[in-house]
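Contents: one structure, followed by commentary.
Atoms within a ligand are numbered from 1 in the order they appear, just like the ligands themselves.
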Amino acid sequence: MQKLLIVSNRLPVNVDTTGDEIRIIPSVGGLATGMSSVSGSYRNLWIGWSGLTKGQTDEKTEKAIEKELIAENYLPLHLTQEDLDGFYFGFSNRTIWPLFHYFTQYVQYDDNDWETYQRVNRIYADAILSAASDEDMIWIHDYQLMLVPQMVKEQKPDMKIGFFLHIPFPSFEIFRILPWRKEIIEGLLGADLLGFHTFDYQRHFLSTVRRLLGLEVNFNEITYGHRIIKTDIFPMGIDYEKFHGAALEQKARAVKDKTKVQQEMEKYILTNPEIKLVISIDRLDYSKGIEKRLQAIDYFLDHNPEYLEKITLIMITVPSRSEVPQYKQMKSEVDELVGRINGKFGTINWTPIWYFYRSFPFEELVDLYSTSDIALVTPNRDGMNLVAKEFVATKTDKKGVLILSEMAGAAREMAEAILVNPNNMKELSDAILTACEMGVEEMILRNTQLQDRLQRYDVKKWASEFLKALTKATDNRPVLGGTKITPKVETEIITQYRKADSRILFLDYDGTLVGFKNNPMKASPDEELMQTLEALASQANTELVLISGRDKETFDQWFPGKPFSMVTEHGVWSKKPGQEEWKLLEYISSDWKMLVRPVLEFFADRTPGTFIEEKNYSLVWHYRNTDQELGLQRAIELKDELNSLLSNFNLEIMEGNKVIEVKNSGINKGKAAARFLRNREYGFILAAGDDWTDEYLFQELPNETISIKVGAAKTRARYSYADFRNMRNLLNQLATE
Ligand code: GDG
């Protein structure tokens, strides 16, 4: 049976070693529920930190804990206090968490933390590699483990790897601040499927990939070397039945069987029948907007004195990451604010805020939700926010109002809530007033729709949808271009080459033999390449043809008197070894340039970083050096404009790698190459190219040609390589006959 490996920072269990026996207590978070719901189809294994640090217990106990955990399908990782400090409290929670929640003022850049983050991510990756086989599915969770996908993919390219980010992915303008931004993105791109809560996070991620790595993105797919990586939106749901069911069951209980919290609340309501209970539950975290929420209550009471003694905020803040300085500071700020408001408005009979700094057991949590009239969920930023969803799920009579921040991912699906900007004090206060005065009919209408959706798309559905998408993304892994050249295929090509009595190689230049440079003139051949080309061309019965879109002047400058043929401007000119002059292969006119040049100039002028290159028979607009998104957008506009302008001319608009070239039609590399094959038989023909213009070459040459596409894209070529380095490696091998 196929295994599903779930990997998260922490295992969803608490290990209790205080008694005589080791007790494994499962924590009942949403993730664990979602995972257990899909476990029927797989053999599950959950990998994560056990919650105990190395040395916290003696070795014997550590072994015993490990045994117990493994028996329950948990693979515990052993982290030291130092690991945790750098990896968890450090890089994860002092760098990534504030950055991804737009708290740039809190972001700490610490090389040691980064080192530890990499080292600990490696521990997780190694655990996966040791526990999984090729056909298994790996689902990695969250911001603590962003390097793990790539670390695993490197070793096991066929493993099916999914990654889900539980927190927001920030806009590129924020993300680019990070010194290790490339490493993080490359780490994530090891996954086959990347999941986000909302469209915005996905959009930010794709834009980052495009801008930072210049990768091709089509809709929600990223082309990365030979691979296509999918991204998609999976808004995490809750265990609806569990919350709704518990609320129903607890309500039906006799008073004496109710929880203590419930009994107290009911007593309070009895003596204060007009009271509105407002619930607020979060981890104590600056992203949750707790201070602003308190200020809004202050503002509300100031401006709506009729609600004095008629509204109570039950505020639960759950201790969290108390080793991170900002959390400590926030704790004292919240303590002080609560004290001030209670001191300012409180009476003998009434305390405006009931404040708890601890967590509550599940049953009490459900009672707090279901008995409150209003939930105030106003984070500054929140990946999703499950509290908002849980509150609605417990409203078995559909009475209750959710006030929800627009900045929570949940707001995207919960339009029937009162949506607020958490920074707008007046709006927040007005929302509290609206909630207090909302009629029952309207509440029922809103909650019916909200509940329908929560019930349909619950956490089980979330988990199964993700896994379905991961299976789909990996089962028919799209093969881009031709067959990937494996070492075995490479050996076969080399053998064929050595056996052949006459051979010809057609090689494109830019992107095929050298990488792209911001300035095309800087892409001149290096020493090593020159030696390879000369060595190949000097072999007996071997013809080498450089076939490029470059102009002849550049090639003359770079390759003076070299022993190989050159074809320039996509087939307009050709020059054989030993010849002094270039030969015009096709007679053509370039009168059309007068018309096209001003259009290209107009685009170059309003797109910073782009420029025009003029060749004898073509004009080229280069947009590699501009902002990736702007460049693509302008390229679409330009093609549009040229198409309408040129319909009466015999011209062609060619899209190359970050270039748009206008040239006379009917001239192409394929036609030029075919001339070399006239009147001659070759036992071995190889053609390699990286862009669209090389497709003519692949199309025109005989079927037995070893055609190689360099880079990933649709192609007619038989084979493909990830990049120019692989191509050079093959040529080097051919050259050392
Ligand atoms: C991250 C993202 C995203 C809270 N107090 C008690 C208690 N809780 C439970 C709630 C809820 C969970 O904790 C909190 O989940 P949130 O979604 O609100 O927030 P984060 O912890 O920040 O989670 C977030 C989430 O991941 C999932 O992807 O939504 O945006 O930041 O389930 O019920 N549970 C109990 N007692 C408490 O006192 N029993």
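In the vicinity of S359, heavy-atom distances shorter than 4.0 Å reach the ligand 1 atoms 37 (C), 38 (O). Counting atoms of ligand 1 from 1 in the listed order, those under 4.0 Å from a heavy atom of I281 are 4 (C), 5 (N). For ligand 1, the atoms closer than 4.0 angstrom to any heavy atom of M384 are 3 (C), 24 (C), 29 (O), 30 (O). Atoms of ligand 1 lying under 4.0 Å from at least one heavy atom of G383, given by number and element, are 30 (O). Listed by number with element, the atoms of ligand 1 under 4.0 angstrom from any heavy atom of E390 are 10 (C), 11 (C), 32 (O), 33 (O). Atoms of ligand 1 lying under 4.0 Å from any heavy atom of V387, numbered from 1 in the order shown and given with element: 18 (O).
The aromatic rings of H166 and F164 stand perpendicular to each other, their planes meeting at an angle above 60°, with 30° marking the opposite boundary. Classified by interplanar angle (parallel below 30°, tilted 30° to 60°, perpendicular above 60°), the ring pair F169/F205 is perpendicular.
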Notebook entry, point to check: How far apart are the C-alpha atoms of Y117 and T95, what are their side-chain angles, what is the distance that settles it, and do they pass the side chain to side chain donor-acceptor pair (under 3.5 Å) test?
Noted result: CA-CA 11 Å; Y117 184 80; T95 307; over 6 Å; no

Next item on the list: Verify side chain to side chain donor-acceptor pair (under 3.5 Å) between D192 and T474, making sure each step is shown before the conclusion.
Entry: CA-CA 7 Å; D192 298 293; T474 46; 5.8 Å; no

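Residue L386 has at least one nitrogen or oxygen atom sitting less than 3.5 Å from a nitrogen or oxygen atom of ligand 1, judged on distance alone. Of the polar atoms of H101, none of the N or O atoms is found under 3.5 Å from an N or O of ligand 1, judged by distance alone.
N272 and W350 are not linked by any side-chain donor-acceptor pair at a separation below 3.5 angstrom, with hydrogens and angles left out of the test.
Residue contacts with ligand 1 leave out E364, since none of its heavy atoms falls under 4.0 Å from the ligand. Remark: distances from the non-hydrogen atoms of W97 to ligand 1 include one below 4.0 Å.
Residues that satisfy the side chain to side chain contact (heavy atoms under 4.5 Å, CB included) test with R446, not counting sequence neighbours, are E416, I418, M438, E442.
With ring centers used as reference points, W97 lies 6.0 Å or more from Y327. The distance between the ring centers of Y286 and F103 falls below 6.0 angstrom.
Considering each of F100, F243, F360, the one bringing a non-hydrogen atom nearest atom 37 (C) of ligand 1 is F360. Within the set T317, D382, V459, the minimum heavy-atom distance to atom 24 (C) of ligand 1 is found for D382. Of the candidates K288, R358, M236, it is K288 that places a heavy atom closest to atom 19 (O) of ligand 1.
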Do any side-chain atoms of residues 353-365 form donor-acceptor pairs under 3.5 angstrom with protein atoms, and if so which ones, sequence neighbours left out?
unit_1	atom_1	unit_2	atom_2	d
Y355	OH	D335	OD1	2.7
E363	OE2	R253	NH2	3.0

